[in-house]
Amino acid sequence: MAVIHRTTMTPGKLELLASWLPAQPWNLGRGHEPRLAKAGGFRLDDPQGEVGIEFMAVTDESGEQPITYHVPLSYRGAPLDGADHALIGTSEHGVLGRRWIYDGTHDPVLVARLLALILGEAEPQAQSVSNTPAPSVTAYFAEAGHAASISTMDVTNGPDGTDLRLLTVSVPGVPSEPARQLTIRVNRVLRPEQVESTTHATQALGHITADWHLPDGAKTRGLYAVVRDTAPE
């Protein structure tokens, strides 16, 4: 279960994100220096206990209208090989020491746990409280009992979000399933919407919904991620 340390991070997460956000292709606040506030999110556990995993909602209030972004983050005690392009920055943690903080869509541990959450094999954890489930997070997958692990992963970052194209294979000990390709769209801009009516969820195999807070303190919810079955090229 996730353990949250009550300590400092220098520089803080919002400070690092404010420097990183303007260069992202899905950033809608171009021309403004971000003014970020934490809006919500949740965590997942790494079974090996090595990587911190957080799905953070942050609201940029610098423009005429506030925009809430979804930023999956992974925290590591050493650099992730081959992921320099995904490094958001480093920070000194008051308990754990130096942490390398990555855009988690490029971290195979975070992506594997995201798939596990969608398949019902991982329990979402509260963002700021140790050893506490996050009941507002709902994961749905149309094929009950499906079990898979990731064989290969390709990440495409675009103006509409981040697509994780995964080739999955059966996990040992379960009935054999053919390899298949799933695409998880990580929604980068969070919008209050009903899953049943949104076009993003049309013909989707599954999705993740969760709460976040609006600048006035009101709670809302929407789609953090959507998964589809896609044909290999």
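One distance of note links CG of L205 with CZ of R228; it measures 9.5 Å at 0.5 Å rounding. The CG atom of L110 sits 10.5 Å away from atom CD of E54, with the distance rounded to the nearest 0.5 Å. Atom OH of Y69 is separated from atom CG of D60 by 5.5 Å, given to the nearest 0.5 angstrom. Note: R99 CZ to T90 OG1 = 12.0 Å, rounded to the nearest 0.5 Å. From I67, atom CD1 reaches atom CG of L36 across 10.5 Å, with rounding to the nearest 0.5 Å. Residue Y224 holds its OH atom at 11.5 Å from OG1 of T138, rounded to the nearest 0.5 Å.
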Inset, instruction - Show the numbers, then the answer: is there a side chain to side chain contact (heavy atoms under 4.5 Å, CB included) between R180 and D229? - result: CA-CA 8 Å; R180 65 190 300 182; D229 205 342; 2.5 Å; yes
Inset, instruction - List the steps, then state whether side chain to side chain contact (heavy atoms under 4.5 Å, CB included) holds for D107 with R76. - result: CA-CA 10 Å; D107 191 317; R76 288 176 168 265; 2.8 Å; yes
Legend entry - I208 and L114: CA distance, side-chain angles, deciding distance, side chain to side chain contact (heavy atoms under 4.5 Å, CB included) verdict: CA-CA 9 Å; I208 296 170; L114 176 61; 3.3 Å; yes
Legend entry - Verdict with supporting geometry, L115 and L182, side chain to side chain contact (heavy atoms under 4.5 Å, CB included): CA-CA 10 Å; L115 177 62; L182 301 176; 4.2 Å; yes
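Closest non-hydrogen pair, N157 versus W26, comes out as OD1-NE1, 3.2 Å. Residues S19 and P22 approach most closely at O-CD, 3.7 Å, considering heavy atoms. Counting all heavy atoms, side chain and backbone alike, A210 lies closest to V137 at CB-CG2, 4.0 Å. Contact between A204 and V226 at its shortest, heavy atoms only, is CB-CG1, 3.4 Å. Here the closest non-hydrogen pair linking V186 and P72 is CG1-CG, 4.0 Å. Nearest heavy-atom pair across V51 and D46 is N-OD2, 2.9 Å.
T68 meets the side chain to side chain donor-acceptor pair (under 3.5 Å) test with T59; sequence neighbours excluded.
The aromatic rings of F55 and F42 lie parallel to each other, their planes meeting at an angle below 30°, with 60° marking the opposite boundary.
A heavy-atom distance below 4.5 Å is not found between the side chains of L17 and P34. Annotation: side chain of L223 is not in contact with side chain of R185 (no heavy-atom distance under 4.5 Å). In this structure, the side chains of L80 and W100 stay at 4.5 Å or more apart for every pair of heavy atoms.
One N or O on the side chain of R43 and one on the backbone of Q127 form a donor-acceptor pair closer than 3.5 Å. Looking only at distances, a side-chain donor or acceptor of R113 sits under 3.5 Å from a matching main-chain atom of D45. Between the side chain of R221 and the backbone N or O of S136, at least one donor-acceptor pair lies under 3.5 Å. Side chain of S91 to backbone of T10: a donor-acceptor contact under 3.5 angstrom is found. At least one donor-acceptor pair closer than 3.5 Å links the side chain of H70 to the backbone N or O of N187.
One hydrophobic cluster, built from ILVMFWY side chains closer than 4.5 Å, cannot hold both I88 and Y102; they sit in different ones. Under the 4.5 Å side-chain heavy-atom criterion for ILVMFWY residues, a single connected hydrophobic cluster contains both I101 and L14. Hydrophobic cluster membership differs between L87 and M153, with clusters built from Ile, Leu, Val, Met, Phe, Trp and Tyr side chains linked at under 4.5 angstrom. A continuous path of Ile, Leu, Val, Met, Phe, Trp and Tyr side chains, each step under 4.5 Å between heavy atoms, connects V155 with V111, placing both in one hydrophobic cluster.
Here R188 pairs with D103 in a salt bridge; the nearest charged N to carboxylate O distance falls below 4.0 Å.
Surrounding CG of D216 are more than 12 heavy atoms belonging to other residues, nucleotides or ligands, all under 6.0 Å away.
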